[in-house]
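Taking it in order: structure first as structure tokens, then the write-up.
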Amino acid sequence: MKYNRAFTPERISALKPNEIFVFGSNLAGRHGGGAARMALNCFGAVWGQGVGLQGQSYAIPTMQGGVETIKPYVDEFVEYARQHPELLFLVTRIGCGIAGFRDAEIAPLFQKALYIENIILPESFVEAILPSTMPA
């Protein structure tokens, strides 16, 4: 399979009205650093809300345990995005900053998101899922 769509930009400083910033959070919704702080300061994330849509952001908890604890939240997000085709979801490298996971650990959780038109993934996630399809 080939992936020939856009990737999430490395830095997101502004969003169009229909764009949603998808970031890694903690269950308590303490958006103190990394992309979570950016979501809080710029894109409507709500202090104390660790999961789901808030303003122009969508929180996926990544700080509560291993990768297996993140999967249900990613699945929930993918289903939410599927039900909201009018929105464009820009997924950051969730879990790969403060939470300490590697792209190769988190990326497979987004396998179902690869060909959902309104979900944009980081290039490193796509490379981890489909390494043989990326241009040399």
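None of the values given here were measured: they were computed from a predicted structure.
A donor-acceptor pair under 3.5 Å links the side-chain atoms of T8 to the main chain of V91, judged by distance alone. Under a 3.5 Å cut-off, the side chain of D103 and the backbone N or O of C96 do not form any donor-acceptor pair. R37 places no side-chain N or O within donor-acceptor distance of the main-chain N or O of H31, the cut-off being under 3.5 Å. Side-chain N or O atoms of Q56 include one that pairs as donor or acceptor with a backbone N or O of K16 at under 3.5 Å. Here the side chain of T92 pairs a donor or acceptor atom with the backbone of V22 at under 3.5 angstrom.
Note on ring orientation: taking the six-membered ring where Trp is involved, the planes of F89 and Y58 are perpendicular (angle over 60°, cut-offs 30° and 60°).
A distance of 14.0 Å separates CD1 of I70 from CZ of F77, quoted to the nearest 0.5 Å. If you take CD on Q49 and CG on L27, they are separated by 12.0 Å, rounding to the nearest 0.5 Å. Considering CD of E19 and CD1 of I12, their distance stands at 8.0 Å, rounded to 0.5 Å. How far CZ of R102 is from OG of S124: 12.5 Å, rounded to the nearest 0.5 Å. How far CG of L114 is from CZ of F125: 11.5 Å, rounded to the nearest 0.5 Å. For the atom pair OG1 (T69) and CE (M63), the distance works out to 11.0 Å, reported to the nearest 0.5 Å.
For the pair Y73 and Q64, the minimum side-chain heavy-atom distance is below 4.5 Å.
Y80 and L88 fall into different hydrophobic clusters, where Ile, Leu, Val, Met, Phe, Trp and Tyr are joined by side-chain heavy atoms under 4.5 Å apart, directly or via other members. In the hydrophobic clustering of ILVMFWY residues, with side-chain heavy atoms under 4.5 Å counting as a link, I120 and I106 come out apart. A single hydrophobic cluster is not seen to contain both L87 and L90; linkage of ILVMFWY side chains at heavy-atom distances under 4.5 Å, directly or through other members, places them apart.
Side-chain rings of F23 and F43 stay apart, their centers remaining 6.0 Å or farther from each other.
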*asked:* Under the criterion side chain to side chain contact (heavy atoms under 4.5 Å, CB included), I'd like the reasoning laid out for I98 against N26: C-alpha separation, chi angles, the key distance, then a yes or no.
replied: CA-CA 10 Å; I98 296 167; N26 57 66; over 6 Å; no
*Please walk me through it: do E76 and V51 pass side chain to side chain contact (heavy atoms under 4.5 Å, CB included)?*
CA-CA 10 Å; E76 185 179 303; V51 183; 3.8 Å; yes
*Chi angles and distances behind the salt bridge (charged side-chain N to carboxylate O under 4.0 Å, His left out) call for R82, E79*: CA-CA 5 Å; R82 189 187 318 270; E79 186 54 34; 3.3 Å; yes
*Verdict with reasoning, R5 to E117, per side chain to side chain contact (heavy atoms under 4.5 Å, CB included)*: CA-CA 9 Å; R5 299 192 5 234; E117 292 293 321; 3.9 Å; yes
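Counting heavy atoms of neighbouring residues, nucleotides and ligands inside a 6.0 Å radius, atom CD of Q83 exceeds 12 of them.
Of the options V126, D75, I94, a side-chain contact (heavy atoms from CB on, under 4.5 Å) to F110 is made by I94 and by none of the others.
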